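Below you'll find the structure, written out as structure tokens, and then a few comments.
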Protein chains: 2
Amino acid sequence: MGQTIKNAAVQPPPRERILAAARDLFYRHGIRAVGVDAIAEAAATNKMTLYRHFGSKDELISAYLQELAKEGDDLWQRLRETYPDDPHAQIEGWVQHVEQVLTDCSERGCAMANAAVEMREIDHPARQIIDDYKTRKRDQLVRLFSEAGYGEPEQVADEVFLLFEGARISIQCCSQGPALRVVRMLRSLLADHAPKVEVEALAARDAASERKAGAKSGTKSKET
Amino acid sequence: MGQTIKNAAVQPPPRERILAAARDLFYRHGIRAVGVDAIAEAAATNKMTLYRHFGSKDELISAYLQELAKEGDDLWQRLRETYPDDPHAQIEGWVQHVEQVLTDCSERGCAMANAAVEMREIDHPARQIIDDYKTRKRDQLVRLFSEAGYGEPEQVADEVFLLFEGARISIQCCSQGPALRVVRMLRSLLADHAPKVEVEALAARDAASERKAGAKSGTKSKET
DNA sequence: CCACGGCGTTACTGGTCAGTAACATAGTGT
DNA sequence: ACACTATGTTACTGACCAGTAACGCCGTGG
């Protein structure tokens with residue numbers, strides 16, 4: 001087990017460097033626009049080592065997408081572990097994640113969705129990874145809203161899901177437009193559909209996070 | 001003006017054929033994935049004629065996007081001409097258009113958004129066309145909801161806009177998932193935010209079109 | 001009948017890209 | 001010290017692709 005101890009301290013092994021470089025370049029410039037040479041160079045290695053770790057560019061693409069998927073899944077698991085048996089807190093955590101994603105990752109949108117647009121061949125292995133991931137996320141939203149006692153969990157989950165997807169695609173098409181207001185939309189939508197019994201508690205929670213988010217013109221339909 | 005009269009009857013001039021071929025191939029396989037040779041061949045012509053009409057592939061891409069934009073704009077203008085001074089009817093017409101787009105164009109989503117994902121270079125002329133178009137659509141929605149007397153036209157327009165965008169991107173990522181239910185969402189969302197005075201009239205209108213759409217589980221939150 | 005413009009055809013250039021071969025090197029465990 | 005393995009290096013192949021050159025064809029308009 002104790003191999004390459006010193007090397008690991010200085011710089012990660014080539015495989016990790018390649019994946020990191022691929023991730024950066026694929027996301028910034030697009031998958032089809034980036035050649036393996038560029039990735040190898042950005043990873044401070046060469047094409048041969050790349051091909052020893054990933055048999056083909058397609059394999060590298062799959063590994064790239066699977067890494068993204070794993071991180072997305074990890075985030076959800078962390079949410080569940082951080083607020084066990086508190087689906088409302090998990091929802092709020094997810095909304096904050098959405099907010100963060102839309103404020104820093106600006107410009108390039110969702111790497112998974114972009115990959116799906118670029119890899120159009122229906123039999124490409126990447127498509128399966130993406131589809132599985134997106135379906136999983138949508139189902140997790142359904143489960144979450146269901147656990148939180150929402151009346152129509154599927155409907156709310158779909159709406160929230162599509163708003164988030166729409167925000168990340170239109171951040172690439174529509175200059176600084178609707179995407180920036182999506183967090184406000186999410187909060188107001190969730191408040192509208194929240195289980196009736198806990199409306200007050202939820203309103204309090206929302207008010208707290210709104211305060212730190214810097215409220216401008218009221219979320220309307222809330223205080224009335 | 002009267003030139004090539006007989007030819008036009010048999011088959012459209014090369015420029016139109018090239019644009020039509022480009023449109024089909026770009027949309028189905030992606031812009032980067034399609035070479036000019038393939039387009040020329042699909043247009044039953046050759047690369048030289050293509051380059052005589054479009055100086056470069058980028059120019060062809062721009063022409064392709066501008067054609068798409070023009071058709072989108074025409075649709076809106078037709079809506080305004082068909083139902084002058086009746087913004088509610090225009091809204092309903094737009095929703096029906098959304099429904100139609102999401103049922104037949106299945107699989108490939110929005111050609112404009114896909115193009116934006118593929119053309120990542122910020123200075124690419126295509127990006128300007130796409131951005132202008134999307135911004136225009138969003139603004140037209142705002143104006144429409146404003147004319148229809150909605151209380152928060154910007155908010156409703158943004159939400160509707162993002163739902164539609166989200167539906168068209170996730171139709172490519174998430175197998176047969178949330179996208180199919182977006183029309184229901186739109187109708188219920190619009191009903192929720194419609195100007196209070198006309199709630200009954202709008203409900204009647206919605207009920208009429210719901211009947212033909214084949215209602216399953218109720219739109220909820222409406223009849224309560 | 002002739003000139004001209006739009007179109008077709010072939011062949012080419014220069015560049016990029018995925019993938020491979022062969023060889024050299026350095027670190028590790030024994 | 002030795003062998004093994006992971007890595008680096010160089011150079012190559014074959015394919016594809018955007019864009020161009022040169023020439024030939026044909027219809028129209030004078």
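So you know, we letter chains A, B, ... as the sequences are listed, proteins then strands, and number each from 1. Just so it is clear, the structure is predicted and the values come from calculations on it, not from any experiment.
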Item to check | Nucleotide nearest A:Tyr51 when distance is taken to its side chain, options C:dT20, C:dC7, D:dA21 | outcome: C:dT20

Checklist outcome for this item: Side-chain atoms of A:Lys47 come closest, of D:dG8, C:dT9, C:dG19, to C:dG19

Checklist entry - Can you check side-chain hydrogen bond (donor to acceptor under 3.5 Å, both in side chains) on A:Thr135 and A:Asp131, steps first, answer last? => result CA-CA 6 Å; A:Thr135 306; A:Asp131 195 301; 3.1 Å; yes

Checklist entry - Rounded to the Å, how far apart are A:Glu59 CD and C:dA18 C1'? => result 14 Å

Checklist entry - Between which residue ranges does DNA chain C form stems of three or more consecutive Watson-Crick or G-U wobble pairs, both distances under 3.5 Å? => result C:1-30 with D:1-30

Item to check | Whole-Å distance separating the CG atom of A:Asp37 from the C1' atom of C:dG15 | outcome: 13 Å

Item to check | Ring centre gap for B:Tyr83 and B:Trp94 strictly below 6.0 Å | outcome: no

Checklist entry - Would one find a side-chain N or O of A:His53 under 4.0 angstrom from OP1 or OP2 of D:dT7? => result yes

Checklist entry - Within the structure, does a side-chain N or O atom of B:Thr49 lie under 4.0 Å from either OP1 or OP2 of C:dC7? => result no

Next on the checklist: Nearest to the side chain of B:Met48, heavy atoms from C-beta on, is which of D:dA22, C:dG19, D:dG19?
Outcome noted: D:dA22

Item to check | Nearest-Å distance for atom pair CZ/P, residues A:Arg32 and C:dT16 | outcome: 18 Å

Checklist outcome for this item: Regarding the side chain of B:Asn46, the nearest nucleotide among D:dG19, C:dG8, C:dG19 is C:dG8

Checklist entry - In this structure, which one of B:Leu186, B:Val182, B:Leu102, B:Leu141 forms a side-chain contact (heavy atoms from CB on, under 4.5 Å) with B:Phe164? => result B:Leu102

Checklist entry - Ignoring hydrogens and geometry, is there a side-chain-to-backbone donor-acceptor pair from A:Ser170 to A:Cys173 under 3.5 Å? => result no

Checklist entry - For B:Met119, does its backbone N or O pair with a side-chain atom of B:Arg127 as donor and acceptor, under 3.5 Å? => result yes

Checklist entry - Do A:Thr49 and A:Asn46 have side-chain N/O donor and acceptor atoms under 3.5 Å apart? => result yes

Item to check | Phosphate contact (D:dG8 OP1 or OP2) by A:Thr45 side-chain N/O below 4.0 Å | outcome: yes

Next on the checklist: What I want to check is whether an N or O donor and acceptor connect the side chain of B:Arg52 with the base of C:dG8 at under 3.5 Å.
Outcome noted: yes

Item to check | CD/A:Glu41: more than 12 non-hydrogen atoms of other groups inside 6.0 Å | outcome: no

Next on the checklist: Using a 4.0 Å heavy-atom cut-off, does A:Arg17 contact any base of the nucleic acid, only the sugar-phosphate backbone, or nothing at all?
Outcome noted: sugar-phosphate

